[in-house]
Structures are given as structure tokens and as C-alpha cells.
Amino acid sequence: MPTFPHQPVPARASRRAFCRTLGILSGALGLGATLVAPPAQAQPAYTITTPQIQDALAEKLPRRYRLGGLLNLEVQVPALRLLPAQNRINAVLPVVASGLAVSDGARDAAGSLDVDFGLRYEPSDRTLRAQQIHVNALRIDGLRSSAAEMLNGYAQQLATQSLGEVVLHTLRPQDLALADGLGMQPGPITVTERGLRVEFVRKPVP
């Protein structure tokens, strides 16, 4: 049986083979990293559009209030305007007034409640709610002067009752499933030109 003499592999060839093998292993590990890394970045933030907020408000409004039996107010669905520079939302809510305080008791008086507000996340029910509500103006044409003065004093309470307890958006469990699996939770809310951006942050270590 013929035998073949053993021939040592040159050191340079060995180095090339080693480098080639290392490159293959590195490529495989790199591929594994690309498969694992995206989930950590797949949901860095959750975006809520203005129409989504508008739809949520449409489910809660109009709301009706009675002031001392003299004035009935109906606060209707507002027009929204995003204020990225202030990180707030502006809302102009149409208001319809009726009752004895209206100059012409046979007709309703129309006006508007102009407010702006910030946002907060409520973890207990996964909702976004208004906070730091500021009244810019409350105008209703056709009220008796005494009623108009009373209404101005009631403006902040009216705005708080109309928007303070209204859910602007609810995050579903599936919206949070990926972030929760990565040990993250909703954090700061930023108002952008396209809508609201809910950033995800690391959960505190217990």
C-alpha cells in the first residue's frame, strides 16, 4: 500500500486559514447579533396620532353642566392643535349655553373654551391623560353681564372637569408586550408635529 509523506503546512498558510475561520465565526456571531439586536430597538417609542386623540375625545364628549339652575353648558368635541415647542396640546372646545342667564332665553348662546395642556401616563390603566390644564379664554356671546362674570370664575373648573378626567388614549397590552419583555415601560411623552411620542425607559430595579 503506497504511503504519502507528511508535508507540513507553511506557517503563512496556517495563519490565512486561521484568519479565514475566524472571519467565518465572526460573521456567524455578527449575524446572530443582528437577529437579536433589533427587538431591543423595535419599539423605542410609541406614536399616537392627532386623529386617535380626536376619536378618544369624541367618545367622551359632549359633556353637560348646570350652574345654579340659571345656566346650562354643553362642552363639545374640540379642535386640536399640537404645540411641539411648548410640548403641549391646544384645544378649542365649542360651548353651547342655555337657560335664564342667556339674554335671549329663547335661543342658545354659542362660544368656545380655549385651553392648552400637557400630558401624563397613568400606569394603573395604561392611559394618557391631560395635566397642567391652562385656560386661555372662555367666550360665550349673548350672556347677561352677571352670568358672564360668574362663568369666567368657573372657567378653570370647567376645563378641568371637561379634560382632566378624560382618557386621551389607552395603550393595549399588545402595544406594551415587546417593551415589557425587554424590561421597559412608558416614560416621557413628547408632542411632535406628527403626534405624541411615548418614549420607553428601563423599569426601575426592585
Side-chain angles (χ1 to χ4, degrees), residues 46-172 186-198:
Y46 179 88
T47 301
I48 303 162
T49 65
T50 304
Q52 286 178 297
I53 303 173
Q54 198 88 42
D55 291 343
L57 288 172
E59 294 179 359
K60 304 297 182 180
L61 297 169
R63 287 192 170 192
R64 297 173 179 84
Y65 305 94
R66 298 189 66 181
L67 303 182
L70 298 176
L71 187 61
N72 302 320
L73 299 177
E74 180 179 279
V75 180
Q76 300 176 347
V77 180
L80 300 178
R81 184 166 58 97
L82 302 179
L83 305 174
Q86 291 81 31
N87 200 35
R88 294 172 71 81
I89 296 178
N90 175 255
V92 178
L93 300 91
V95 179
V96 178
S98 61
L100 298 176
V102 178
S103 298
D104 185 351
R107 298 182 180 179
D108 294 342
S112 63
L113 174 63
D114 185 333
V115 303
D116 60 65
F117 55 88
L119 298 134
R120 67 180 179 89
Y121 175 71
E122 176 52 55
S124 63
D125 57 2
R126 308 184 309 278
T127 59
L128 267 66
R129 297 173 181 267
Q131 69 170 356
Q132 300 173 347
I133 300 171
H134 176 263
V135 176
N136 299 315
L138 173 59
R139 302 184 184 90
I140 299 180
D141 298 327
L143 292 184
R144 301 182 189 277
S145 58
S146 57
E149 293 176 5
M150 176 186 68
L151 192 59
N152 285 332
Y154 182 68
Q156 185 63 51
Q157 184 179 348
L158 180 64
T160 301
Q161 290 180 347
S162 299
L163 291 173
E165 297 304 318
V166 172
V167 173
L168 301 177
H169 186 76
T170 301
L171 277 73
R172 303 166 300 173
I189 303 171
T190 304
V191 178
T192 72
E193 294 181 356
R194 296 185 177 183
L196 308 181
R197 181 180 174 88
V198 183

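Residues take their numbers from the sequence shown, with the count starting at 1.
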**Student:** Treating Arg120 as the side-chain partner and Gln132 as the backbone partner, does any N or O pair qualify as donor plus acceptor under 3.5 Å?
**Tutor:**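 No; judged by distance alone, with no hydrogens or angles, the pair does not exist.
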**Student:** Measure across Val96 and Asp108 and return the closest heavy-atom pair with its distance rounded to 0.1 Å.
**Tutor:**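 For Val96 and Asp108, the tightest heavy-atom pair comes out as CG1-CB, 3.7 Å.
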**Student:** Side chains of Thr127 and Arg129 only: does a donor on one sit below 3.5 Å from an acceptor on the other?
**Tutor:** yes
**Student:** Counting N and O atoms only, with roles assigned by atom type, does the side chain of Gln76 sit under 3.5 Å from a partner on the main chain of Arg63, one being a donor and the other an acceptor?
**Tutor:**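 Checking the backbone N and O of Arg63 against the side chain of Gln76, no donor-acceptor pair under 3.5 Å is found.
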**Student:** Indicate yes or no: at least one non-hydrogen side-chain atom of Leu128 is less than 4.5 angstrom from one of Tyr46.
**Tutor:**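 Not touching, per the 4.5 Å side-chain cut-off.
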**Student:** If I take atom CD from residue Glu193 and atom CG from residue Leu82, how far apart are they, to the nearest 0.5 angstrom?
**Tutor:**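 Output value for this atom pair is 9.0 Å.
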**Student:** Do other residues, nucleotides or ligands put more than 12 heavy atoms under 6.0 Å from Arg139 CZ?
**Tutor:**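 Result for CZ/Arg139: open.
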**Student:** Is the shortest heavy-atom distance from the side chain of Asp125 to the side chain of Thr170 under 4.5 Å?
**Tutor:** no
**Student:** Could you walk me through whether Thr47 and Thr192 pass the side-chain contact (heavy atoms from CB on, under 4.5 Å) check?
**Tutor:** CA-CA 10 Å; Thr47 301; Thr192 72; 5.8 Å; no
**Student:** Output every pair passing salt bridge (charged side-chain N to carboxylate O under 4.0 Å, His left out) with a member in residues 82-92, not counting sequence neighbours, ordered by first then second residue.
**Tutor:** Arg88-Asp116
**Student:** So, for Val198 and Pro186, which heavy atoms are closest and what is the spacing to 0.1 Å?
**Tutor:** CG1-CB, 3.8 Å
**Student:** Given the rule in the side-chain contact (heavy atoms from CB on, under 4.5 Å) test, do Ile89 and Leu196 qualify, once you have shown the distances and angles that lead to the verdict?
**Tutor:** CA-CA 10 Å; Ile89 296 178; Leu196 308 181; 3.9 Å; yes
**Student:** Mind checking the NE2-CG spacing from His169 to Leu119? Nearest 0.5 Å is all I need.
**Tutor:** 11.5 Å
**Student:** Between Gln156 and Ile133 (side chain of the first, backbone of the second, donor and acceptor by atom type, cut-off under 3.5 Å), is there such a pair?
**Tutor:** yes
**Student:** Do Leu158 and Tyr65 come close enough that some side-chain heavy atom pair is under 4.5 Å?
**Tutor:** yes
**Student:** Would you check if the side chain of Asp114 reaches a backbone N or O of Val92 as a donor-acceptor pair within less than 3.5 Å?
**Tutor:**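 Not at all, since once roles are kept as given, no pair shorter than 3.5 Å links the two residues.
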**Student:** At their closest point, which heavy atom of Val135 faces which heavy atom of Ala159, and how far apart are they?
**Tutor:** CG2-CB, 3.7 Å
**Student:** Could you tell me whether a side-chain N or O of Ser103 sits under 3.5 Å from a main-chain N or O of Gly142, the two making a donor and an acceptor?
**Tutor:** yes
**Student:** State the CG-CG distance between Asn72 and Leu67, to the nearest 0.5 angstrom.
**Tutor:** 8.0 Å
**Student:** Asn90 side chain to Val115 main-chain N or O, any donor-acceptor pair under 3.5 Å?
**Tutor:**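 Checked: pair present.
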**Student:** Applying side-chain contact (heavy atoms from CB on, under 4.5 Å), run through Ile48 and Leu168 and close with a yes or a no.
**Tutor:** CA-CA 10 Å; Ile48 303 162; Leu168 301 177; over 6 Å; no
**Student:** Rounded at 0.5 Å granularity, tell me how far CG in Leu57 sits from CG in Leu93.
**Tutor:**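 The distance works out to 8.0 Å.
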**Student:** Please answer whether the main-chain N or O of Tyr154 pairs with a side-chain N or O of Gln157 as donor and acceptor at a distance below 3.5 Å.
**Tutor:**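 Looks like no, no N/O pair under 3.5 Å.
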**Student:** Measure the CG-CG distance between Leu73 and Leu113 for me, rounded to the nearest 0.5 Å.
**Tutor:** 9.5 Å
**Student:** Does some side-chain heavy atom of Leu143 sit less than 4.5 Å from a side-chain heavy atom of Val102?
**Tutor:**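 They are in side-chain contact.
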**Student:** Can you tell me how far the CG atom of Leu138 sits from the OG atom of Ser112, to the nearest 0.5 Å?
**Tutor:** 7.5 Å
**Student:** Provide the closest heavy-atom pair for Leu80 versus Ala91 in the form atom of the first, atom of the second, distance.
**Tutor:** CD2-CB, 3.7 Å
